[in-house]
Undergrad: 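My questions all concern the structure below.
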Protein chains: 2
Amino acid sequence: MGSTLTPGVPTTADLMEAVAAVGTAYFHDFAAAAARHGLTSSQAKALKAVQEPVPMRALAGRLGCDASNVTGIVDRLESLGLAGREAAAADRRVKIVTITPAGARTLEAIRADMTRAHEAFGSLDEEQREALGRLCRQVLPLLTGGQ
Amino acid sequence: MGSTLTPGVPTTADLMEAVAAVGTAYFHDFAAAAARHGLTSSQAKALKAVQEPVPMRALAGRLGCDASNVTGIVDRLESLGLAGREAAAADRRVKIVTITPAGARTLEAIRADMTRAHEAFGSLDEEQREALGRLCRQVLPLLTGGQ
DNA sequence: TATTGTTATACTCTATAACTATA
DNA sequence: TATAGTTATAGAGTATAACAATA
């Protein structure tokens with residue numbers, strides 16, 4: 001499946017497939033950890049994005065979805081007692097989402113619960129961690145287009 | 001944000017965040033490419049999984065979802081003329097999903113259309129590609145739990 | 001007029017359970 | 001009885017459009 005010209009050096013297509021496989025497996029681990037605590041991955045992602053108070057509109061930006069979706073996601077977090085809404089003093093149109101103590105505890109528990117991810121990245125030595133971190137930093141801005 | 005003990009060497013938490021960011025950006029690029037061709041990411045993923053004929057049940061396994069979902073996904077691909085169902089000769093219960101010539105063209109177009117991903121992974125030199133590929137191969141089996 | 005958050009609507013993905021036709 | 005595919009149902013995520021309150 002690799003390049004036939006230079007054995008061991010993957011082609012761009014090979015690399016994309018390898019990165020996609022790692023990404024899929026990582027998100028699977030994340031979703032499983034969230035589910036163990038009664039949350040979907042979107043809800044867990046929102047909880048993570050709300051560690052510091054964030055207006056609804058800005059939260060939509062962080063989650064990469066339309067603002068209309070955030071209403072339902074925050075509704076569910078609120079009904080679970082994990083997040084709350086506060087009116088902004090400066091502009092009475094905006095509502096600021098805050099995490100509750102229970103939400104912070106759940107978030108920490110999910111992080112600690114990502115056992116496979118910890119095993120996987122913990123298995124790398126210093127040199128490998130440095131290399132992977134550097135490669136991610138190089139690749140990411142091109143993938144996101146600078147945003 | 002990095003380890004304060006060894007500058008340049010990311011902690012496990014840092015690495016997870018970096019990999020998650022790359023994974024997110026990659027899947028965003030994939031979804032955008034699929035959307036440009038009128039498909040959702042699940043549909044594009046299914047099309048990719050069906051390059052060789054696959055029974056419905058096995059397709060569910062490849063997509064990591066329940067078999068009941070596959071019916072709808074393949075229905076939509078079929079209505080777009082990108083895939084088809086054939087009865088299996090050996091066991092008349094099983095239906096085998098096949099990709100059509102139009103489906104194969106669409107899949108190839110989506111692959112070619114992943115512009116940001118090509119830029120990102122194409123920017124790496126041979127040594128970097130080899131390192132990234134090797135790191136993915138080391139990390140993946142731990143993330144998937146051996147499956 | 002423009003913006004923030006919400007609601008209404010519609011589609012897709014997802015799982016569970018029940019059904020059918022085969023085996 | 002067991003299995004493959006489907007259908008029915010329900011919940012969640014997603015986008016678009018329209019709306020009320022505020023700026």
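Quick note on labels: first sequence line is chain A, next is B, and so on, each numbered from 1.
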Undergrad: Kindly write out the residues that satisfy side-chain hydrogen bond (donor to acceptor under 3.5 Å, both in side chains) with B:Arg134, not counting sequence neighbours, or none if the list is empty.
TA: B:Glu130
Undergrad: Membership question, hydrophobic clusters at under 4.5 Å side-chain separation (ILVMFWY): are B:Ile96 and B:Leu82 in the same one?
TA: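 Result: no, two separate clusters.
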Undergrad: Go through residues 20-44 of chain B and report each residue with a non-hydrogen atom lying under 4.0 Å from DNA chain C, sorted by number.
TA: B:Thr40, B:Ser42, B:Gln43
Undergrad: Within this structure, what is the CE-to-P distance between A:Met56 and D:dA21, rounded to whole angstrom?
TA: 18 Å
Undergrad: Would you tell me if any nitrogen or oxygen in the side chain of A:Lys95 comes within less than 4.0 Å of OP1 or OP2 on C:dT6?
TA: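 So the side chain of A:Lys95 is within the cut-off, an N or O lying under 4.0 Å from OP1 or OP2 of C:dT6.
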Undergrad: Nearest whole angstrom, please: distance from the P of D:dT14 to the NZ of A:Lys45.
TA: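 Between P of D:dT14 and NZ of A:Lys45: 8 Å.
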Undergrad: When you check every protein heavy atom under 4.0 Å of nucleotides 15-23 of chain C, what one-letter string (B, S, -) results, 5' to 3'?
TA: BBB---BBS
Undergrad: Is any side-chain heavy atom of A:Pro55 closer than 4.5 Å to one of A:Val97?
TA: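 When only atoms from C-beta onward are counted, A:Pro55 and A:Val97 do not touch, as no gap falls below 4.5 Å.
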Undergrad: Check side-chain hydrogen bond (donor to acceptor under 3.5 Å, both in side chains) between A:Arg111 and all other residues, then give those that pass, not counting sequence neighbours.
TA: A:Gln51
Undergrad: CG of B:Leu77 versus C1' of C:dC13: gap in Å, rounded?
TA: 13 Å
Undergrad: Are there more than 12 heavy atoms of other residues, nucleotides or ligands under 6.0 Å from atom CD of A:Glu17?
TA: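 Count not over threshold, so no.
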Undergrad: Do the side chains of B:Asp29 and B:Arg116 get close enough for a salt bridge, i.e. N-O under 4.0 angstrom?
TA: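 Here B:Asp29 does not pair with B:Arg116 in a salt bridge, since their nearest N and O are not under 4.0 Å apart.
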Undergrad: Rounded to the nearest angstrom, tell me the gap between atom CD in A:Glu78 and atom C1' in C:dT6.
TA: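 Rounded to whole Å, this separation is 13 Å.
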Undergrad: Send over the distance from A:Leu47 CG to D:dG13 C1', rounded to a whole Å.
TA: 17 Å
Undergrad: Of all residues at least two apart in sequence or in a different chain, which pass the side-chain hydrogen bond (donor to acceptor under 3.5 Å, both in side chains) check with B:Arg57?
TA: none
Undergrad: Given atom CG of A:Asp75 and atom P of C:dG5, what is their separation to the nearest angstrom?
TA: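 Roughly 13 Å, once rounded to whole Å.
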Undergrad: Using the test side-chain hydrogen bond (donor to acceptor under 3.5 Å, both in side chains), find all partners of A:Thr100 that sit at least two apart in sequence or belong to another chain.
TA: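 Once residues adjacent in sequence are excluded, A:Thr100 has no partner under the side-chain hydrogen bond (donor to acceptor under 3.5 Å, both in side chains) criterion.
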Undergrad: Flag the pair B:Glu86 and B:Lys95 as a salt bridge only when some basic side-chain nitrogen lies within less than 4.0 angstrom of an acidic carboxylate oxygen.
TA: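 Between B:Lys95 and B:Glu86 there is no salt bridge, as every charged N stays at least 4.0 Å from the carboxylate O atoms.
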Undergrad: Write down the distance between CG (B:Leu63) and C1' (C:dT12), rounded to a whole number of angstrom.
TA: 14 Å
Undergrad: Between A:Arg76 and D:dG13, is there a contact of a side-chain N or O with OP1 or OP2 at under 4.0 Å?
TA: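 Checking A:Arg76 against D:dG13: at least one side-chain N or O falls below 4.0 Å of OP1 or OP2.
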Undergrad: Taking atom C1' of D:dG13 as reference, at what distance in whole Å does atom CG of A:Leu59 sit?
TA: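 A:Leu59 atom CG is separated from D:dG13 atom C1' by 14 Å.
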Undergrad: Ignoring backbone atoms, establish whether B:Arg85 has a side-chain N or O less than 4.0 Å from OP1 or OP2 of D:dA4.
TA: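 It does not, given that no N or O in the side chain of B:Arg85 lies less than 4.0 Å from OP1 or OP2 of D:dA4.
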